[in-house]
There are 2 protein chains.
Amino acid sequence: MRHQIMTASKAEPATIRDVARSTNLSVASVSRALNGHSNVRPDTRARVIEAAERLGYVPNAAARSLSLARSHAVGVVLPDLHGEFFSEIVRGMDRVASEKGYQLLLSNMHADATMAAHAMSAMRGRVDGLIVMAPQLSYELLQKTLPASLPVVMINSPQGTGHSNLRIDNAQGARMTVEHLLATGRTAIVHIAGAQDNIDGHERRAGFEAAMATLAPHLPARVIEGDFLEATGTRIVAQLLADGAHFDAIHAANDMMALGALMALRDAGVVVPDDVAVTGFDDIPLARYMALTTVRVDLAGVGARAVSALLQTIEDADARHDSAMIKPELVVRGTTAPVIAPTMR
Amino acid sequence: MRHQIMTASKAEPATIRDVARSTNLSVASVSRALNGHSNVRPDTRARVIEAAERLGYVPNAAARSLSLARSHAVGVVLPDLHGEFFSEIVRGMDRVASEKGYQLLLSNMHADATMAAHAMSAMRGRVDGLIVMAPQLSYELLQKTLPASLPVVMINSPQGTGHSNLRIDNAQGARMTVEHLLATGRTAIVHIAGAQDNIDGHERRAGFEAAMATLAPHLPARVIEGDFLEATGTRIVAQLLADGAHFDAIHAANDMMALGALMALRDAGVVVPDDVAVTGFDDIPLARYMALTTVRVDLAGVGARAVSALLQTIEDADARHDSAMIKPELVVRGTTAPVIAPTMR
DNA sequence: AAATGCTATGTAACCGGTTACATAACAATG
DNA sequence: CATTGTTATGTAACCGGTTACATAGCATTT
């Protein structure tokens with residue numbers, strides 16, 4: 001039972017019945033008037049709008065969702081992303097979503113898969129579709145976890161789940177950097193790989209190997225296991241130098257390891273790019289400052305495209321799936337261009 | 001027995017009535033069993049749980065929200081933040097929210113205030129409370145825009161809205177950097193201010209002026225208007241140098257302008273920190289790489305605390321407001337501390 | 001004038017949950 | 001044995017919207 005004693009601040013919001021009462025109309029007419037149905041007399045509609053405004057009436061989203069079986073919200077489940085990755089993707093999503101009158105229900109994909117499953121099922125009735133980014137989840141696990149009744153768009157996730165899947169073209173990115181290194185005369189390139197249970201790490205490594213095999217089958221294509229962490233880049237390169245290994249280019253699976261590599265090189269007095277060139281992947285903001293040649297992906301674009309694809313599936317039940325590759329872009333900077341690396345030192 | 005014959009895509013999710021039918025119980029008993037009410041026979045509860053699992057039943061959030069007048073979701077309205085700002089704050093929020101079984105409904109505060117108002121009202125019935133960060137909105141505008149019926153926690157927003165307000169202690173941050181600069185012997189400090197219609201920009205400038213007036217009333221305290229952008233930092237310092245102005249420290253209102261200043265100094269051959277010291281504010285990830293002395297705020301902590309405060313207000317209608325100042329932390333790095341030994345001046 | 005159609009509005013069912021209240025079965029008490 | 005209390009379950013109202021269907025009023029057609 002509701003308390004009658006209430007302070008102004010907690011005034012219960014007006015419902016459609018309040019508006020109906022205040023206009024001497026039925027709730028049906030009010031609903032029709034506010035939703036722009038055609039069979040409402042103009043002056044009636046005006047009366048309704050006036051009253052709604054006066055009472056500060058805002059439709060209750062839960063009631064609306066229940067009745068329409070539509071929430072006008074999409075669920076977003078992302079892994080533990082940092083910095084620009086997260087903010088740019090979400091920014092792109094928010095742009096499209098709010099443009100189309102949808103809202104974003106956000107949930108981090110906690111490492112724990114059961115938690116993730118729980119987060120997703122908690123969205124039942126709350127969202128009209130799901131955008132899932134799960135670069136480290138297995139195909140089988142995903143199948144089990146994803147609700148069968150909702151449209152889903154995946155980002156950078158395992159293939160074959162039967163849902164739209166936007167994927168960053170890691171192979172092409174790796175190929176572009178390899179091409180660039182070869183074009184600038186490098187002959188001994190070392191790839192520092194990312195975690196291999198991560199789809200990006202895996203594809204970038206494979207992309208590197210494929211590019212080397214195609215473009216320079218005669219050259220060595222060394223691969224060293226890494227894990228995306230800066231310190232690992234440093235450690236691996238320091239080790240290479242200590243071993244007296246011969247190499248004139250480091251091709252890292254992401255920017256952080258590339259930056260780590262730069263540190264190790266600098267500490268050892270190796271001149272970049274004269275003695276050794278370095279490339280990364282991702283184009284994090286730091287990359288620009290460190291003049292790192294890298295591969296850029298339009299993250300906001302990915303987010304925007306994911307939402308567009310999802311809304312299309314939602315609004316047109318049998319829209320074809322959009323399983324596109326997102327083309328990355330090569331950004332050439334000082335760590336490969338002998339132009340002179342003006343930064344750092 | 002599973003139904004093998006069904007097109008996976010259109011399987012309507014099971015409702016509580018399906019579970020009731022399948023167990024020969026009433027929906028009331030099912031509801032009670034699943035919600036852990038005490039007046040349910042253990043074997044009945046077991047039967048219900050088994051059936052729910054078998055049917056893949058998940059309660060419909062909209063129906064639940066409507067009936068309980070509780071959504072277990074909180075709305076988050078943020079300005080157009082970038083990178084770590086956004087991701088860290090949201091990460092902190094998500095941590096606490098998912099821990100307490102709440103979800104986050106996200107909306108960017110689009111520059112346009114009407115859009116923001118619209119976004120907020122669209123949340124009626126969808127969220128139990130709101131977290132709003134509006135460093136650039138006026139007090140009056142906020143009053144109009146915020147729904148009167150929902151608990152609200154503000155972050156870094158104008159005072160006096162009558163809601164909890166977590167604020168970053170910009171004055172203290174500015175004071176700490178000033179203290180540090182003075183302690184290392186600087187005598188001619190220039191503050192590059194942020195946008196003055198932004199609460200942070202305004203408070204940092206005022207904090208700088210107050211600190212100077214208190215700690216070193218005899219020293220000049222020059223302030224130049226800026227706008228938080230890196231290029232502006234560069235331009236202003238280049239201008240200072242061109243004018244032959246005398247200064248031995250740049251006290252910038254944020255890291256980006258400080259980095260811009262560093263660029264200008266380096267280009268002019270001015271040695272940092274020997275000739276000129278530089279401080280920033282925010283401790284963006286780049287700051288560490290550029291060895292920038294700055295002021296750090298635990299953003300994830302701010303987000304977490306905001307959610308905690310909000311949930312408290314939600315669950316205990318008359319919990320006291322939590323209008324705390326978030327204490328920042330001074331991070332001393334190379335742009336103020338000579339790497340080898342402090343210079344005597 | 002009666003039949004027909006169209007328009008604006010009202011009535012009530014429904015969406016899928018929760019829960020106050022009613023009830024039936026059984027146990028404990030006088 | 002009648003009374004009372006306790007426990008497990010069912011019935012139905014309710015949350016706040018939307019909308020199929022019914023209806024009343026009026027205009028048009030025959």
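Here is how names work: the chains are called A, B, and so on, in the same order as the sequence lines, proteins then strands, and each is numbered from 1.
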Nearest-Å distance for atom pair [atom1]/[atom2], residues [X] and [N]:
| X | N | atom1 | atom2 | answer |
| --- | --- | --- | --- | --- |
| B:Arg45 | D:dT7 | CZ | P | 15 Å |
| B:Asn35 | C:dG17 | CG | P | 11 Å |
| B:Leu55 | C:dG16 | CG | C1' | 15 Å |
| B:Glu12 | C:dC15 | CD | P | 11 Å |
| A:Leu68 | D:dG17 | CG | P | 12 Å |
| A:Asn60 | D:dG17 | CG | P | 6 Å |
| B:Arg70 | C:dT19 | CZ | C1' | 16 Å |

Where each residue is assigned the nucleotide of DNA chain D containing its nearest heavy atom, which of B:Asn24 and B:Ala63 is assigned the position nearer the 5′ end? B:Asn24

Of A:His37 and B:Ala28, whose nearest nucleotide on DNA chain D comes first from the 5' end?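 The 5'-side residue here is B:Ala28.
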
May I ask you to verify whether the side chain of B:Arg32 and the base of D:dG10 hold a donor-acceptor pair under 3.5 Å?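 Yes.
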
Taking N and O atoms by type only, does the side chain of A:Arg17 place a donor or acceptor under 3.5 Å from a partner on the base of D:dG17?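 Checked by distance alone, the answer is yes.
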
In terms of side-chain heavy atoms of [X], which of [options] is nearest?
| X | options | value |
| --- | --- | --- |
| B:Val27 | C:dT9, D:dT19, D:dA12 | D:dA12 |
| B:Ser29 | D:dG17, C:dG10, D:dT9 | D:dT9 |
| A:Leu66 | C:dC15, C:dG10, D:dA8 | C:dC15 |
| B:Leu25 | D:dG16, D:dT9, C:dT9 | D:dT9 |
| B:Val40 | D:dT9, C:dC15, C:dG17 | D:dT9 |
| A:Arg41 | C:dC15, C:dT9, D:dT9 | C:dT9 |

Check A:Gly36 against A:Arg45 and note the closest heavy-atom contact, atom names and distance.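 Closest approach of A:Gly36 to A:Arg45: CA-NH1, 3.4 Å.
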
What are the two closest non-hydrogen atoms of A:Ser71 and A:Arg126, and how far apart are they?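 Looking at all heavy atoms of both residues, the shortest contact is OG-O, 3.1 Å.
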
Ion pair check, B:Arg91 and B:Asp94, cut-off under 4.0 Å: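 So B:Arg91 does not pair with B:Asp94 through a salt bridge.
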
Checking all strands, does A:Ser65 fall into the base, sugar-phosphate, or nothing category for heavy-atom contacts under 4.0 angstrom?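 Nothing, no heavy atom under 4.0 Å.
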
Would you say [X] reaches [N]'s phosphate, i.e. side-chain N/O to OP1/OP2 under 4.0 Å?
| X | N | answer |
| --- | --- | --- |
| A:Ser31 | D:dT18 | yes |
| A:Asn39 | C:dT9 | no |
| B:Ser26 | D:dG10 | yes |
| B:Arg64 | C:dT18 | yes |

To the nearest 0.5 angstrom, please state how far the OG atom of B:Ser157 sits from the CD1 atom of B:Ile131. 11.5 Å

